[in-house]
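Lettering follows sequence order; numbering is per chain, from 1.
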2 protein chains.
Amino acid sequence: MKRITIKDLSKFLSLSTSTISRALLNDKNVNDETRKRVMDAAAELGYKPNLTALNLKSGQSKTIGVVVPEMITPFSAKVLEGIQNVLYPLGYRLVITQSDENPLNERKNLQLLEGFNVDGIIINLCHETYNNDLYQQIISQGTPLVFFDRIPDKSLNASKVIVDDYINSSLMVEYLIKTGRKRIAHIMGPQTIRNAVERANGYKRIMNKYHIFDENLIIKTEGMTFEYGKRAVKHWSDKDIEFDSIFAFSDTLAIGAMNFLLENNIKIPGEVAVASFSGTELSTMVYPQLTSVQQPLVKMGETAAELILEKIRDHSAPSKTVLLDAVLVYRDSTL
Amino acid sequence: MKRITIKDLSKFLSLSTSTISRALLNDKNVNDETRKRVMDAAAELGYKPNLTALNLKSGQSKTIGVVVPEMITPFSAKVLEGIQNVLYPLGYRLVITQSDENPLNERKNLQLLEGFNVDGIIINLCHETYNNDLYQQIISQGTPLVFFDRIPDKSLNASKVIVDDYINSSLMVEYLIKTGRKRIAHIMGPQTIRNAVERANGYKRIMNKYHIFDENLIIKTEGMTFEYGKRAVKHWSDKDIEFDSIFAFSDTLAIGAMNFLLENNIKIPGEVAVASFSGTELSTMVYPQLTSVQQPLVKMGETAAELILEKIRDHSAPSKTVLLDAVLVYRDSTL
DNA sequence: GTGAAAGCGCTAACAG
DNA sequence: CTGTTAGCGCTTTCAC
């Protein structure tokens with residue numbers, strides 16, 4: 001079952017390998033007749049180009065590394081779909097790694113990807129600053145880096161794709177207020193994630209604007225699993241801090257919060273409204289369905305892929321930050 | 001920022017490239033002194049082997065293709081984790097594709113992977129028979145194929161990793177009966193999925209054993225989304241078919257079913273118990289938490305990866321079918 | 001113990 | 001329009 005190479009075709013047709021190559025590449029300097037013969041033979045013998053050889057020639061690995069914090073929520077799956085949409089048709093391979101929300105794993109993943117000689121890396125961080133040195137080092141070695149969703153704090157020379165956390169968070173909080181909620185609690189996620197800080201800022205601004213901000217109503221979590229969401233609500237509950245609604249950093253945290261409420265027979269949205277930021281399928285799978293800021297995840301992946309391609313094609317291309325529009329989707333968990 | 005090659009080292013140390021190569025490969029025919037010099041220089045200049053060149057020499061692409069039906073539930077994410085655990089440390093890259101539960105997409109994915117010259121393909125089907133011709137063709141072209149979870153009906157020369165659907169389904173149904181349920185409804189999923197048929201058979205056997213089988217209590221769905229789960233329960237409800245419990249083919253279908261019950265104020269498990277087959281994180285994220293047959297997903301991925309490695313190393317290695325143990329996990333959705 | 005040379009599959013000057 | 005040749009980075013005979 002040996003593979004057919006250009007050499008086999010060359011023998012088969014008594015032509016030089018270069019002519020075969022040219023015909024296959026649609027080079028103009030080939031007789032139409034000859035091209036046809038080559039094409040037919042290639043089809044007949046089942047010739048398929050050897051990507052590895054191509055890559056060796058071109059000096060590229062045609063491999064893009066991707067680092068995501070986790071894959072058990074649909075968030076990354078959707079973004080990956082976007083990345084794949086753009087990159088697979090172009091013959092790029094993806095090496096996808098999961099950091100499990102752990103900066104140390106992220107570091108290992110990045111190093112693994114370096115070992116793979118990737119042409120570029122697309123990454124969603126799990127910690128704002130922890131691996132800054134590595135990002136910097138990778139970029140200065142000439143491997144383009146593109147950040148999406150959770151981006152680093154330093155102004156690295158890298159392109160980014162994000163949604164406006166501050167604005168969208170503000171809008172969601174304002175919506176809750178408009179529906180009559182006043183004691184809006186906020187589960188902000190870990191403060192080592194830039195977006196968490198941004199969203200919390202949006203929350204604070206609006207709460208202050210309406211003079212209803214209360215420091216007790218905001219809580220940082222150490223992690224991102226739904227257990228932390230649960231624990232946050234338990235905290236307020238234990239301390240007898242009143243709240244009539246919850247705005248969570250992510251679907252997962254919101255769902256954890258909902259579970260606590262449901263377990264304690266607290267009506268959603270009757271007694272407490274719940275809203276989140278993310279907008280993955282999870283928000284429609286729970287009961288009641290979750291109001292959330294829905295991000296264009298597939299688009300986000302596609303954009304990230306295009307940004308990395310720009311950088312690969314021209315390493316001196318200027319870095320861009322693309323801001324994508326999100327929409328608020330109102331569902332049964334609020335009102 | 002040019003990469004350091006073996007040639008650079010050769011110039012730098014005034015040694016032949018072959019000696020450098022040998023030193024790097026720990027070949028015995030190298031003076032210890034020389035080896036040390038080479039190693040030091042490699043470290044100093046930051047030499048990293050070019051995988052593409054290695055691959056060209058070895059004739060392998062060091063790339064494994066993976067095809068999964070979907071990635072929005074944690075199911076595939078967990079299996080992928082297992083696959084990555086085994087394959088990444090060995091220098092393999094993964095090209096992961098999603099079929100979106102559509103056999104046509106599956107076909108396209110397989111063809112894409114062929115174009116990538118993958119060394120092997122690990123696949124979870126979305127239809128039992130639809131692409132049988134392609135599986136056969138890929139195998140006979142010499143590309144090993146390993147199936148996991150949902151496997152094909154024909155006896156192809158390929159290894160497989162599965163859990164025993166029939167037995168575990170039986171066990172779960174028997175458990176429901178032991179907790180006092182008699183009218184156990186079954187959402188079996190599409191009958192074009194072999195596992196759905198197997199699990200339904202397990203269900204039927206036990207229901208018959210206790211003489212409580214009723215054809216009306218079993219329903220096939222066209223798809224796998226949670227909407228179909230919802231619709232199934234609506235069907236029984238509309239037709240006034242009584243049931244005191246539901247056993248669903250997957251977490252997602254079960255959750256759809258739960259949502260219908262919750263929307264109609266039917267108590268879980270008070271009035272209706274719910275159980276599923278899958279055992280992803282989803283089962284712990286919903287309220288009440290879902291009783292389910294929990295499969296060892298990471299292990300499944302690791303096993304699939306090892307099976308494909310066997311085949312890659314020795315193309316004539318015999319095909320194996322590995323049966324993994326699942327466990328029933330009892331949660332609040334049943335009593 | 002080390003070097004020279006060939007070759008993996010392909011493309012691209014360079015000739016003719 | 002077609003063929004010859006060299007070379008991408010590396011390993012591996014084959015000499016010495």
When you check the side-chain N and O atoms of B/S319 and B/K160, is any donor under 3.5 Å from an acceptor? no
Please determine, by modelled atom types, if A/D119 and A/S61 share a side-chain donor-acceptor pair under 3.5 angstrom. yes
Between [X] (side chain) and [Y] (backbone), is there a donor-acceptor pair under 3.5 Å?
X	Y	result
B/N105	B/Q98	no
A/Y47	A/M39	no
A/E106	A/I123	no
B/S159	B/T321	no

Run the salt bridge (Lys or Arg N to Asp or Glu O under 4.0 Å) test against A/K36 and tell me which residues pass, sequence neighbours left out. A/D40
Roughly how many Å is it from [atom1] in [X] to [atom2] in [N], rounded to a whole number?
X	N	atom1	atom2	result
A/I20	D/dG3	CD1	P	8 Å
B/D27	D/dC10	CG	C1'	14 Å
B/L56	D/dC8	CG	P	13 Å
B/L51	D/dC8	CG	C1'	15 Å

Could you tell me from which nucleotide to which nucleotide of DNA chain C, 5' to 3', there is an atom under 4.0 Å from chain B heavy atoms? C/dG1 to C/dG9
Surrounding NZ of B/K48 (heavy atoms of other residues, nucleotides or ligands, distance under 6.0 Å), is the total greater than 12? yes
Could you check whether [X] gets within reach of a base, just the sugar-phosphate, or nothing at all, counting any heavy atom under 4.0 Å?
X	result
A/T52	nothing
B/T34	sugar-phosphate
B/N29	base

Between B/N31 and A/A53, which residue's closest nucleotide on DNA chain C lies nearer the 5′ terminus? B/N31
OP1, OP2 of D/dG9 versus side-chain N and O of B/T5: anything below 4.0 Å? no
Given B/L113, which of B/V66, B/T63, B/V95 fulfils the side-chain contact (heavy atoms from CB on, under 4.5 Å) condition? B/V95
Take nucleotides 11-16 of chain D nucleotide by nucleotide from the 5' end and write B, S or -, depending on whether a protein heavy atom sits under 4.0 Å from the base, only from the sugar-phosphate, or from neither. BBB---
